[in-house]
Q: 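Right, I'll just put the structure down here and ask away after.
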Amino acid sequence: MEPRYEPKQIEEKIYELWLKSKYFNPDKLPQAKNKKAKNYIVYMPLPNVTGTLHMGHVLDNTLQDILIRFYRLLGYKTLWLPGTDHAGIATQYVVEKELKKQGLSRFDLGREKFIEKVWEWKEKYGTIILDQLKKLGCLPDWSRNRFTMDSAYAQDVINAFINYYKQGLIYQDIKTVNWCPRCHTSLSDLELEYKEENANLYYIKYDNDVIVATTRPETMLGDTAVAVNSKDERYKHLIGKTINLPLTERNIPIIADKKIDPSFGTGMVKVTPAHDLLDFEIAKRHDLETIQVIDDFGRMNENAKEFAGLKTLEAREKIVQKLQSENLIIKIEPYNHRISTCYRCGTNIEPIPSKQWFLKMNDLAKKAILAVKNKKVKIIPKNFEKIYFNWLENILDWTLSRQIWWGHRLPVYYCQINKEKYIVSEKQPTKCPFCKNCKMIQSEDVLDTWFSSALWPFAGLSKSDLKKYYPGNTLITARDILNLWVTRMIFSGIEFMGKPPFKNVFIHGTILTKDGQRMSKSKGTGIDPLIYINQYGADATRFGIIWQAFGQDIRWDENAVVAGSKFANKIWNAARFIYYKLDKKILKTKHNKPKPKTKDDKNILTQLNQTKKNISKNLNDFKFSRALKEIYDFFWHKFCDIYIEKSKKQIDDPKLNQNTQKILIYVLIESLKMIHPFMPFVTEAIYQKFNNKKLLLIENWN
RNA sequence: GGGCGUUUAGCUCAGUUGGUUAGAGCGUCCGCUUCACACGCGGAAGGUCCCCUGUUCAAAUCAGGGAACGCCCACCA
């Protein structure tokens, strides 16, 4: 053994050993023969095929790997199901960015060619993260790896859609929805991000008595009413009157609605049902007309008359100028507010009316709420349950359809003659039931990518696996996708499998930079974890991240990785001491629990026992950092600093020599087992020096 | 506007049900190349536990109030 632990030379070989063993597959484990062996199942949060490993993946997957390795040692049949997500908008966006470098848009290529490009991208980059996970030492069941667009998976997606449709939960409607003019698609409420914007609040005189305040004057061309609060004494006399909408020939009514806040602006609000979600609601209540003035690409349309063709911001300027020339702008005051943007490309969202498919959420939400209330699913830490309930209790119907090209197309087929007529069908219909003649055309829309990822816990498993490996035990993920993904998996699982897909949801922290900023590629604050893996080794990197992962926010500190590499070296050297100090006979015999002969013997064996218990308890409670500190403290300060030092003298004593050797090797092997889930490479490498007949991977915890 | 979280050593963080001199890693200082490890060993310095008030024999810990920072949610145009 070298005096220094060199991870680079060892990690790859060790990983090969594990791969060869096939022990990542629960059916190939020694305990698979034991009918009483229980399952421990973790479904990996699907990495997107867009990118590369980041610190969040490192944390997320290390935690999962720890659990799987720990429960495998305990004798469970462990399944860690890996896969990748086609990640609709996200992947489409990165491929579009690639195309843009050549001056092309997806529309230049057309749908088929573009999708070919995306598949090329997927083939090229789809496995990068999975390969990186191998470097990290993560060992999911590679034999069961899935992609969310595999044909079996796609079939489950279609089945799910049809199932919901048959129950009457899916419907088509025209609503004002969140629209990304760049991605050219609708978005669900969860797919928005908010940005602070320094804007202006324009006070516009619509009539001598009617002054409205707005941040978006350009939408006024689509106004179909002015609204006041029905209790607002100032304006009671105006309700029911009709005024002329400036810059147009149209007359619009003044209406009363409870949602109007009398204290904002003048207390009078322009109502633009086509371009504001609240206004759309108000219009529904008052049966107002919807006039669209902004098109899919964020430009003014023909309804905007002389302003047609202008981008919204240009139109805003022009319209304000014109209003000013007519003395209709009373004042302009600076106003900060939050605007919604597309969570993938950052473009400002434009609410526009659009025909989309929706999933009724009421009943599904109730089931998901109940699952947590009845403790069928536990969310840890518990305060996240509030976020979960809050979202579900105020839920709106889910906009399922997207107008992008990369994804699962809706199993909806339209008649070519009567284009409003459609059927929902698993396969391309042979005959159109409406005109009896045409070849029906499949909907151009694809499903929200989260609709398919919501099915992951069962769509990722084969039929025979479903019986064995559903539901799972634990889901580990970050808080930002709790509702986007976890909640939807829960109600999908209940809906299609009759049971929630897992019992525990553990939400870990978010990794920030040392000065508390969010890590992000665009800000340049992201750190590539491979730097640490290459410099310090995978074990040290894992150690570093778990060491810090106590709370919800983790300010990344490289020093923890340094501590990890020192610890790996310490373990290596303690083993090296024992390896060279002990009689070869004792090394090779089975290491049964020895009896203590001295006070120091007794202490170390007691402490070992206690540490083992503490680790089990902490891992059971998802207190990973705590467990790591336990074993760190035991191994370094109790075993190395005290016992190994004392053992040097005991070995010199003929009466104690043999027994002390037995204790040394026993405590070492037991420690390797405890450290293994956290630092799998160095522990397995050492174990192989002592016993190359078996893998530490499948040792017995007790 | 609602909800949540954080605030402890120079830095990153522990501190479980209130109980001796408040801990770890990294850093700093001093000593040591001792035959597992200098990525080491032995030792040391370093804290108004954010502030105020209260409960208590006893508060980093509990209660009330406040401040700073951060996050999430919401249809104030």
Side-chain angles (χ1 to χ4, degrees), chain A residues 1-5 176 178 189-190 192-194 199 201-202 212-217 219-220 223 226-227 229 257 259-272 275-282 335 337-338 340 351 381 383-387 389-391 393-394 396 479-480 482-483 509-510 512 514-518 536-537 540 543-544 547-581 614 617-618 621 623 625-626 628-629 632-633 636-637 640-641 644-645 647-648 664 668:
Chain A
M1 291 175 82
E2 302 296 318
R4 263 199 194 187
Y5 173 60
T176 295
N178 308 305
D189 299 317
L190 288 179
L192 308 181
E193 268 174 14
Y194 297 93
L201 191 58
Y202 301 86
V212 300
T214 182
T215 54
R216 302 198 58 195
T219 63
M220 69 177 284
D223 285 4
V226 168
N229 191 297
D257 195 277
K259 287 278 183 171
I260 305 302
D261 176 1
S263 65
F264 183 88
T266 58
M268 303 181 106
V269 177
K270 61 195 273 311
V271 179
T272 323
H275 301 295
D276 185 286
L277 268 52
L278 172 60
D279 292 0
F280 183 77
E281 287 300 308
I282 293 175
Y335 183 68
H337 67 152
R338 301 177 78 192
S340 42
N383 52 304
F384 285 105
E385 289 185 359
K386 273 199 177 171
I387 293 171
F389 290 136
N390 181 47
W391 186 64
E393 280 160 6
N394 299 296
L396 299 171
R479 61 174 173 260
D480 50 339
L482 176 61
N483 286 326
T510 304
L512 307 173
K514 197 156 181 173
D515 47 351
Q517 279 185 292
R518 185 178 271 276
Y536 300 105
F543 177 102
W547 186 257
Q548 298 182 67
F550 270 97
Q552 275 303 309
D553 285 327
I554 299 151
R555 291 194 180 198
W556 178 253
D557 185 355
E558 183 174 342
N559 284 322
V561 182
V562 174
S565 69
K566 287 182 178 182
F567 188 43
N569 192 56
K570 188 75 183 175
I571 302 165
W572 181 260
N573 272 290
R576 189 163 160 261
F577 170 77
I578 290 167
Y579 187 72
Y580 291 117
K581 189 87 179 172
N614 292 347
K617 190 179 182 311
N618 283 320
D621 295 341
K623 292 181 178 169
S625 308
R626 182 70 78 91
L628 179 58
K629 294 229 153 126
Y632 177 88
D633 185 59
W636 197 311
H637 301 302
C640 294
D641 287 354
I644 289 185
E645 292 308 319
S647 77
K648 289 175 183 172
L664 281 172
L668 175 69

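Since this is a predicted model, take the numbers as computed values, not measurements.
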Q: Taking only side-chain N and O atoms of A:Lys570, does any of them lie within less than 4.0 angstrom of OP1 or OP2 on B:C37?
A: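 For A:Lys570, the contact criterion (side-chain N or O under 4.0 Å from OP1 or OP2 of B:C37) is not met.
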Q: How many whole angstroms separate atom CD1 of A:Ile260 from atom P of B:G1?
A: 19 Å
Q: Classify the nucleic acid contact of A:Tyr580 as base, sugar-phosphate or nothing, counting any heavy atom under 4.0 Å across all strands shown.
A: nothing
Q: Under 6.0 Å between ring centres: does that hold for A:Tyr536 and A:Phe543?
A: no
Q: Using the C1' atom in both, what is the distance from B:C11 to B:U53, to the nearest Å?
A: 33 Å
Q: Of all heavy-atom pairs between A:Arg338 and A:Tyr194, which one has the smallest distance, and what is that distance?
A: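 Closest pair (atom of A:Arg338, atom of A:Tyr194, distance): NH2-CB, 3.5 Å.
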Q: Give the nucleotide from the list B:G25, B:C4, B:C37 with an atom nearest to the side chain of A:Asn383.
A: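 The listed nucleotide nearest to A:Asn383's side chain is B:C4.
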Q: So A:Glu645, base contact, sugar-phosphate only, or nothing? Heavy-atom distance under 4.0 Å.
A: base
Q: Hey, which of these two, A:Lys581 or A:Lys386, hits RNA chain B nearer its 5' end, going by closest nucleotide?
A: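 Result of the comparison: A:Lys386.
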Q: Identify whether any heavy atom of A:Trp547 sits under 4.0 Å from a base atom; if not, whether one sits that close to sugar-phosphate; answer base, sugar-phosphate or nothing.
A: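 Answer is sugar-phosphate: A:Trp547 comes under 4.0 Å of backbone atoms only.
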Q: The side chain of A:Ala563 is closest to which nucleotide in this list: B:G15, B:C75, B:G25?
A: B:G25
Q: Given the P atoms of B:G3 and B:A74, what is the spacing between them in whole Å?
A: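 Approximately 15 Å lies between the P atom of B:G3 and that of B:A74.
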Q: Parallel, tilted or perpendicular: which describes the rings of A:Phe567 and A:Trp636, with under 30° parallel and over 60° perpendicular?
A: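 Parallel: the ring planes of A:Phe567 and A:Trp636 meet at under 30°.
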Q: For the pair made of NZ in A:Lys514 and P in B:G70, what is the distance, rounded to whole Å?
A: 19 Å
Q: Determine, stepwise, if the pair A:Lys514 / A:Asp557 fulfils side-chain contact (heavy atoms from CB on, under 4.5 Å).
A: CA-CA 6 Å; A:Lys514 197 156 181 173; A:Asp557 185 355; 3.5 Å; yes
Q: Is any side-chain nitrogen or oxygen of A:Lys648 closer than 4.0 Å to OP1 or OP2 of B:A36?
A: yes
Q: What parts of residues 264-272 of chain A reach RNA chain B, counting only heavy atoms under 4.0 Å away?
A: A:Phe264, A:Val269
Q: Take the protein atom CG of A:Leu512 and the nucleotide atom P of B:U12, then report the distance between them rounded to whole Å.
A: 11 Å
Q: Across the strands shown, which category fits A:Asp276 at heavy-atom distances under 4.0 angstrom: base, sugar-phosphate, nothing?
A: nothing
Q: Can you list the stems that include RNA chain B, where a stem is three or more consecutive Watson-Crick or G-U pairs with distances under 3.5 Å?
A: B:1-7 with B:67-73, B:10-13 with B:23-26, B:28-32 with B:40-44, B:50-54 with B:62-66
Q: Could you tell me how far apart A:Tyr335 (OH) and B:C76 (P) are, to the nearest whole angstrom?
A: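 Checked: the OH to P distance equals 9 Å.
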